[in-house]
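Everything on this sheet refers to the single structure shown next.
First the proteins, then the strands, lettered A, B, ... as listed; each starts at 1.
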Amino acid sequence: MNYRVESGLYALGRPDHRSPVLVTANYKMSFDRLREALPGRNLWILVLDTKGINVWCAAGKGTFGTAELVHRIESNGLVRIVSHRELILPQLAGPGVAAHEVKKLSGFKVIYGPIRSTDLPRFLDSRLKTTPEMRLKTFPILERIALIPIELVGAFKGGLAVISIFFVLSYLGNVGEGSASALNHGLFSALSILMAIVAGGILAPVLLPWLPGRAFSIKGLTTGFIAFSFIMAFRLNGLTTGAGRLEMVAWFLLILPISAFLAMNFTGASTYTSLSGVKKEMRWAVPFQISAGMLGFLLWLGAQFIL
Amino acid sequence: MMGQFMYLKDVTTLSLNQERCVGCGMCLQVCPHAVFSLTNGTAEIVNRDACMECGACSRNCPVEALIVQSGVGCAAAVINSLIGRKKESCCYIEPSGGKGNPPECSAGPGRSSCC
Ligand code: SF4
Ligand code: SF4
């Protein structure tokens, strides 16, 4: 799959020298969304070479930046194509582009348009006025859901490795009680780990605004607890023995930190977490996750091999 | 603001020098989290905890009245940079070597926000 479009100047409809110039990244989806948002309009689209990366990421990296923009203005001879000296940039290009420097270097005034391309028609029709909502980066549920699969791929890869280890250990620890018992513990481990992944990788992102706490790890603890309660319901009859009880304590100490860790990783997909905040959260969350997980694993081993 | 997500309190490195501010309003235009307001020709931080340290405001302030240590708030990137792994996963932070460069992140096509 090719996610890039050629950089350069594109005409949408039949633009002339007075038509507005919109600037975007050469990530195919950025370009397509822009075009689709503006049916029946006549305007220019200046596509920067951002190495096929979307506006927000490219601005953070600096590839959607002042130098690239000034270069494209010159290499496409924009001064000869339009008579005005204004460019409309997506607001999310802000981290990469310094408007005052663009003005100094190229003579073009940068106007930051709305965050979402769907707001563009309203923006253009209101003589380039934005409303406060147009300027606010939201993180609605559909956007969060769309990001879940990308985060989950890694979690499932790790999860599969962990599940196989638990399977082998379940077999070794319970084979004395027959292979049915070994399989039972192995399958229960698999279910528990899958539930932990569902809790941290799916439930936490979906329920994000409704979960208590600001730190993502705390949100993940809540969904981890939900997952644990679910698992527990499967094993109520197993709680009669010491080993059964120990196993459940072990899973409590395993599911919650796994879920918290995965929820914490969703900070990267979110659109409002600061680096300082993430570092602060990680300073206490990661040691907690590791120690709880280790303790849980040891207790689980104890339940399989000793009791 | 209604429905706005907030991350941790009192963490952002954002600072505004109001004496320098010329009231151009660029920071209000670029900030994706409505951190600023403009009163009597001077910018003001009204929503400090909403700042995600994207750096758009400081980049676009013509008089350097705004300073923020910009970066990507992504736990995976922090982990990868700690263990010295680069580029292999979605994102990583380039050791900025004191130059204060924004963290680098390699981006996959599905990434819509951080990386
Ligand atoms: S760094 Fe970004 S989020 Fe923070 S105040 Fe500046 S523009 Fe707003
Ligand atoms: S961009 Fe700088 S000068 Fe302009 S209003 Fe904001 S702080 Fe003031």
Side-chain angles (χ1 to χ4, degrees), chain A residues 1 3 27-29 51-54 56-62 91-100 110-112 115 130 132 135-139 143 146-147 149-150 154 208-209 214-216 261 264-282 285-286, chain B residues 1 3-14 24 26-34 49-63 68-79 82 89-91 93 101-115:
Chain A
M1 269 276 255
Y3 295 105
Y27 174 46
K28 192 161 182 308
M29 199 147 58
K51 318 264 182 279
I53 291 168
N54 69 52
W56 176 242
C57 292
K61 283 173 75 98
Q91 184 188 333
L92 291 185
V97 177
H100 53 286
V110 168
I111 297 168
Y112 288 102
I115 287 181
T130 50
R135 293 245 172 264
L136 210 54
K137 181 77 192 92
T138 55
F139 198 26
E143 201 176 316
L147 288 162
I150 310 153
L208 203 64
R214 291 194 178 201
F216 281 41
F261 177 79
M264 186 183 80
N265 267 346
F266 201 71
T267 50
S270 87
T271 49
Y272 68 98
T273 52
S274 60
L275 180 58
S276 301
V278 169
K279 282 184 172 164
K280 184 179 179 192
E281 169 169 352
M282 289 177 79
V286 172
Chain B
M1 197 162 293
Q4 196 179 357
F5 285 93
M6 289 280 197
Y7 194 43
L8 307 188
K9 282 181 197 162
D10 297 327
V11 286
T12 178
T13 52
L14 177 73
C24 69
M26 279 310 280
C27 51
L28 279 81
Q29 230 186 80
V30 290
C31 179
H33 291 289
D49 289 337
C51 173
M52 66 174 300
E53 299 182 324
C54 70
C57 55
S58 62
R59 169 89 56 185
N60 281 278
C61 176
V63 292
V68 62
Q69 253 181 304
S70 61
V72 180
C74 169
V78 173
I79 292 173
L82 282 179
S89 66
C90 99
C91 38
I93 295 181
N101 287 335
E104 286 267 338
C105 67
S106 63
R111 288 260 153 194
S112 78
S113 42
C114 132
C115 323

Using a 4.5 Å cut-off on heavy atoms from C-beta on, say whether the side chain of [Y] contacts that of [X].
X	Y	result
B/Phe5	A/Thr271	no
A/Ser276	B/Gln69	no
A/Gln91	B/Gln29	no
B/Val78	A/Leu275	yes

Over all atoms of both residues, closest heavy-atom pair of [X] and [Y]:
X	Y	result
B/Arg59	A/Pro95	NE-O, 3.0 Å
A/Trp56	B/Cys54	CH2-CB, 3.6 Å
A/Ser274	B/Cys51	CB-O, 3.8 Å
A/Leu92	B/Pro32	CD2-CB, 4.1 Å
A/Phe216	B/Tyr7	CD1-CE1, 3.7 Å
B/Ala76	A/Asn265	N-OD1, 3.6 Å

Find the one option among B/Cys24, B/Cys61, B/Gly55, B/Ala50 whose heavy-atom pairs under 4.5 Å with chain A are most numerous.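 It is B/Cys61.
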Heaviest contributor of heavy-atom pairs below 4.5 Å to chain A, chosen from B/Val11, B/Asn60, B/Thr12, is B/Asn60
Could you have a look at [options] and say which one has the most heavy-atom pairs with chain B under 4.5 angstrom?
options	answer
A/Ala58, A/Gly277, A/Ala99	A/Gly277
A/Gly96, A/Ala215, A/Ala285	A/Gly96
A/Tyr272, A/Phe266, A/Tyr112	A/Tyr272

Can you tell me how far apart NE2 (B/His33) and OG1 (A/Thr138) are? Round to the nearest 0.5 Å. 9.5 Å
Contacting moiety of [X], where chain B heavy atoms sit under 4.5 Å:
X	value
A/Phe261	side chain
A/Met282	side chain
A/Val97	backbone

Using non-hydrogen atoms and a 4.5 Å limit, figure out which bit of B/Leu28 sits close to chain A: side chain, backbone, both or neither. backbone
Contacting region of B/Cys31 [heavy-atom separation from chain A under 4.5 Å]: backbone
